[in-house]
Amino acid sequence: MPNKTFFWFFLPTGLAMMLFIGLPIISAGTQSFYAQHDQVLKEVEKCDPFGCKISVQIDQEASSKIREEKPLGKFNGFGTYIDRNHLAFDELSELWGESNSTGEFVGKVTNLPFYKALIFTLTYCIIVTPCVLLLGFIIALSLNAVARKIRGPLIFGTILPMIVTPLIGSLVLFWMVDAKGIIGANLQILMNDPYLSVKSSKYLTWITIIIYGIWHHSPFAFVVFYAALQTVPQEPLEASIIDGASRFQRVKHIILPHIYPVVTFVALISLMDNFRVFEPIIGFSAQGSAQSLSWLIYDNLVNEEVILFGSAAATSIMTIIGIAIILAPVLIRTWREFRTVR
Amino acid sequence: MENGLDKQSNILKIFNTTFIVFWLLIACFPFIWTFWGSFKVRADFFSRADWWYAITAFNTLIETGKSFTIQAYSGAWFEGEFWKASRNTVIVTVSVVSISLFLGTLGAYALSRSTKNYAFWILIVALIFRAMPHITLVSGYLFPFFQLQIWGILPTTIVVLIAINQPFTLWLLYSFFKTVPKELDESALIDGCSYFQTFRHIIMPVMWPGVITAGLFSLMLAYNDFTVTALLLNQENHTMVPKIQSYLGTNQHEGNLMWAVSSVVSATAPLFLLIMFFQKQVISGLTAGAVKG
Amino acid sequence: MKKILIAFSFLLFSTYANADCNIKSGSINILANDFPALRTFVETAKECKGKAEFKVTHSAEHNKIAVPALTANPSEFSARIAANSSIVPLMNGGLIRPMNDLVKKYGKGIQESQLITIDGKVMAVAFMANAQHLYIRTDVLKQHGISTPKTYEEVVAASEKIRAAGKMKYPYAAAYKAGWNLAEEFVNMYIGHGGEFFKSGTATPSINNAKGVATLNMLKKLADLSNPDYLTHDSESIKVEWEAGNVAIMTLWASRAGTLLDAEGDAKITAATKLVAPATVGGGNIPATTLWWDGFTLAKNRSDADAEASFRAMAYAASSKEMAAKAADQAVWLIEGFVPGPKSVGVIEAVKMGAKPYPMLPQMGLMHGALGNEIVEFLQGNETAEQALKDVEAAYTSKAKEQGFL
């Protein structure tokens with residue numbers, strides 16, 4: 001397609017993406033290199049319905065003057081990236097010197113907020129993604145083997161977990177998993193432990209969030225795999241049945257290679273979404289036990305009265321870099337396919 | 001895979017059926033439970049004494065005299081103004097899906113038909129764009145939107161949702177476009193059609209299964225979005241999801257949990273109906289398109 | 001302290017004055033949190049809008065959008081309803097305007113004590129107060145021969161006694177949900193121990209001390225007497241536990257009393273629920289709680305006409321005896337003529353005992369956030385109190401450095 005035609009076809013999409021995603025990313029990136037100017041504090045008297053007190057307040061005139069001169073803030077370089085709330089280089093070297101063993105070092109590192117979140121995010125990603133792919137594939141195979149007439153409602157039932165917004169879906173599960181809720185109470189009976197409470201245990205909370213993640217994302221994999229299964233050519237399949245190949249062999253040698261590109265697509269999207277896990281942590285009120293990178297960003301932007309843009313921006317950029325690293329092998333393969341096809 | 005050759009042993013059939021039933025139970029049970037519970041009062045569905053109350057309707061009988069009540073629904077829809085939120089959701093969803101598909105098909109078609117390297121790089125950049133956490137994006141929008149006085153109104157949110165959705169739509173449609181053979185294009189071009197005419201009259205009719213699939217995902221993104229709608233819309237224009245969130249209360253003050261429960265059901269029901277209506281098209285379309293490809 | 005008492009009684013017995021509602025022009029747009037008392041307030045203000053344009057946005061996300069919205073010029077909102085904590089970023093950013101002249105002109109019904117002054121300038125007008133205090137089950141306490149606890153040590157002893165008797169396994173409850181709620185409990189308990197958060201006159205943290213450790217230990221003792229899910233329990237959850245009869249002593253916001261004591265729920269429990277003064281701790285004189293106010297502020301980046309219109313409408317509500325009487329259940333109104341009922345007992349007692357207001361310091365939000373995240377590990381038993389406090393200070397320090405406070 002000639003360049004000019006391409007340009008006109010692509011322009012609206014490209015413009016929308018550049019304006020609303022590209023620019024904010026650049027802006028966030030720039031912001032992450034700046035910190036706020038040093039605040040000028042002065043002591044003033046503050047009075048409210050409960051009395052008067054002398055305490056510090058920000059000097060408005062001095063601050064606004066500094067802000068006007070340098071609106072972006074104080075240049076901080078990579079300072080935000082290596083401070084305690086992010087990569088914590090200083091703290092890491094300090095802890096390394098203090099610890100007597102690697103185990104102790106790891107234990108102390110996981111106390112740092114960024115690494116605590118990173119560990120949960122990676123665990124979640126590494127467990128949920130393959131489970132989602134596997135479960136989605138098995139469901140697709142299963143439903144494909146069912147009589148065509150009743151497939152409709154079954155498919156409809158299968159994709160239910162996907163169509164509810166994650167915040168609400170995880171909230172519903174949160175209510176059910178409570179020690180007095182239907183799942184929680186029955187779990188107590190099952191495990192023969194009348195005081196078992198999922199919410200009070202860190203590991204059970206992790207498991208719950210992971211199970212929720214698999215439950216919520218599998219339908220997506222199912223939909224795409226099911227569509228792909230429809231494209232499997234019949235002749236090689238029939239030939240293999242005549243040849244006496246077992247079901248498992250058929251799946252392994254004919255079906256899987258054929259739908260392989262689709263697997264790549266689902267893996268890409270799944271990895272990316274799992275790395276950005278966030279809503280279940282809010283839905284399960286689990287921030288005491290589990291924190292993710294996206295949750296850290298949310299915390300910086302929301303849970304303070306003073307909004308920490310620079311910190312959030314730095315974490316966001318690192319999330320993007322993290323995703324790029326995780327996706328690298330898949331992307332390289334896609335590039336190779338692209339070259340050969342062209 | 002239903003042909004005479006592919007006979008399933010009975011064991012496999014039993015295993016298959018059991019597995020499907022088990023999965024459907026896991027998938028559907030939370031919704032059935034929530035649906036059932038939305039007709040009870042708070043003290044039953046969220047009972048701290050015994051979860052059986054949700055089934056036996058212990059407190060609902062005490063408080064309303066019947067074992068089923070619609071007070072959660074009437075409360076949310078009228079007093080809680082959920083009907084406004086529904087109307088807003090419909091406006092946002094219809095706009096986002098239609099515009100997103102229009103732009104996405106154009107862009108994906110171009111990407112699929114281009115032989116240059118920059119097409120690949122655009123796809124990669126789009127993927128990286130999708131990696132950006134939404135909360136950071138939206139927080140970045142707040143200052144400029146307020147300055148430009150476009151905060152709080154529906155069109156702003158619609159444009160933002162379209163833009164955020166583009167990377168996924170592009171990738172999905174791109175892979176569907178790639179299944180349409182280039183020969184179709186080439187014969188049309190040789191016949192004297194312009195690229196746009198080829199796109200509109202030859203390629204798009206073949207593409208509609210992919211379009212429906214992409215449309216479905218767009219719909220779910222626009223319908224279920226929370227981050228963008230909660231932060232960029234003012235009170236009047238709140239869509240369903242931020243409205244439900246508002247029923248949950250804040251630190252110092254009470255919300256109305258049963259309203260949230262009934263709204264969750266009200267919000268999910270139309271999606272059920274829509275999927276049920278469209279799944280025939282999607283499945284048959286995908287199958288038909290597959291045979292061609 | 002005596003001054004506060006006098007001011008409070010002044011609130012109750014002063015003469016009523018009507019604010020001027022003949023507003024001729026202007027555009028009013030209010031940003032507020034979303035709960036019944038604020039809705040009532042805004043609706044009352046609307047009655048006084050005259051010919052001005054009136055809009056309101058109630059949103060649970062109000063904290064996120066307040067700063068960007070008011071920074072824009074012209075600002076999206078002409079007024080914002082804020083509290084001790086949320087006024088801080090507005091002050092920090094210079095986003096609100098002083099109201100001294102407007103108060104003089106149109107604030108006839110507003111009491112002196114309703115004014116929030118910083119450096120002599122009136123930056124907000126408060127209309128309701130809130131605080132956490134104790135709620136007790138009189139029947140359960142009577143059954144075990146326990147008198148109303150006055151200190152947290154007594155609360156611990158009472159709870160242990162009730163637990164030992166076998167009927168209630170988790171007799172105590174407080175909103176310990178990780179994050180804002182947990183930090184608030186720490187703040188209250190630390191102030192009860194007489195602790196200071198920062199070295200005076202600076203933003204340097206100073207909580208890693210004996211009082212901080214004592215605070216954490218007390219929180220742990222209380223947490224062990226609560227439902228083990230406490231790290232996920234916010235005010236709503238503990239209120240539900242109370243209504244189910246699982247709790248005997250609870251620390252909860254006064255503003256929650258309205259729905260706690262309503263017609264729904266077990267009548268026996270409702271009848272036996274009593275609101276009492278907040279407890280002191282560690283032998284201190286002031287209660288282990290903080291006082292909060294909610295009030296309205298005016299945006300700087302709006303025309304003077306808008307500011308005047310907004311002020312007049314909201315001043316009407318902030319001095320409306322009728323509203324305070326009608327909505328007596330929804331809040332502890334600071335409006336003259338408000339008759340405090342049994343639901344206001346906790347706040348009135350807190351004021352009487354000399355409770356401190358939540359610190360309106362520019363860097364307090366950062367400390368609050370750091371607390372909410374870093375003391376969780378201590379409560380889970382994974383680290384020592386000193387380590388937890390060290391983590392809090394370290395987390396706070398890096399945030400403060402980024403924000404230019406250090």
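Here is how names work: the chains are called A, B, and so on, in the same order as the sequence lines, proteins then strands, and each is numbered from 1.
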Report the residues that fulfil side chain to side chain donor-acceptor pair (under 3.5 Å) with [X], sequence neighbours left out, ordered by chain and then residue number.
| X | result |
| --- | --- |
| B/S263 | none |
| B/W23 | none |
| B/Y223 | none |

- Run the salt-bridge test on B/E81 and B/K84 with the 4.0 Å N-O cut-off and return the result as yes or no.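 A salt bridge is present here (some side-chain N lies under 4.0 Å from a carboxylate O).
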- Item | Pairing of C/E236 and C/R256 as salt bridge, 4.0 angstrom limit |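 A salt bridge is present here (some side-chain N lies under 4.0 Å from a carboxylate O).
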- Are any side-chain N or O atoms of C/S303 and backbone N or O atoms of C/D306, one a donor and one an acceptor, separated by less than 3.5 Å?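 Indeed, once roles are kept as given, a pair shorter than 3.5 Å links the two residues.
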- Item | Test item: C/N84 side-chain N/O and C/W293 main-chain N/O as donor-acceptor pair under 3.5 Å |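 Answer holds: yes.
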- Toward chain C: residues of residues 139-161 of chain B with heavy atoms under 4.5 Å: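 Those residues of residues 139-161 of chain B which have a heavy atom under 4.5 Å from chain C are B/L142, B/F143, B/F146, B/Q147, B/Q149, B/W151.
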- Query: With chain B, which of C/H58, C/Q132, C/E184 has the greatest number of heavy-atom pairs at distances under 4.5 Å?
  - Reply: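 Option with the top pair count is C/H58.
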- Option that, when pairs with chain B are counted at under 4.5 Å, heavy atom only, ranks first among C/A69, C/G245, C/S75: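 Greatest number of close heavy-atom pairs with chain B: C/A69.
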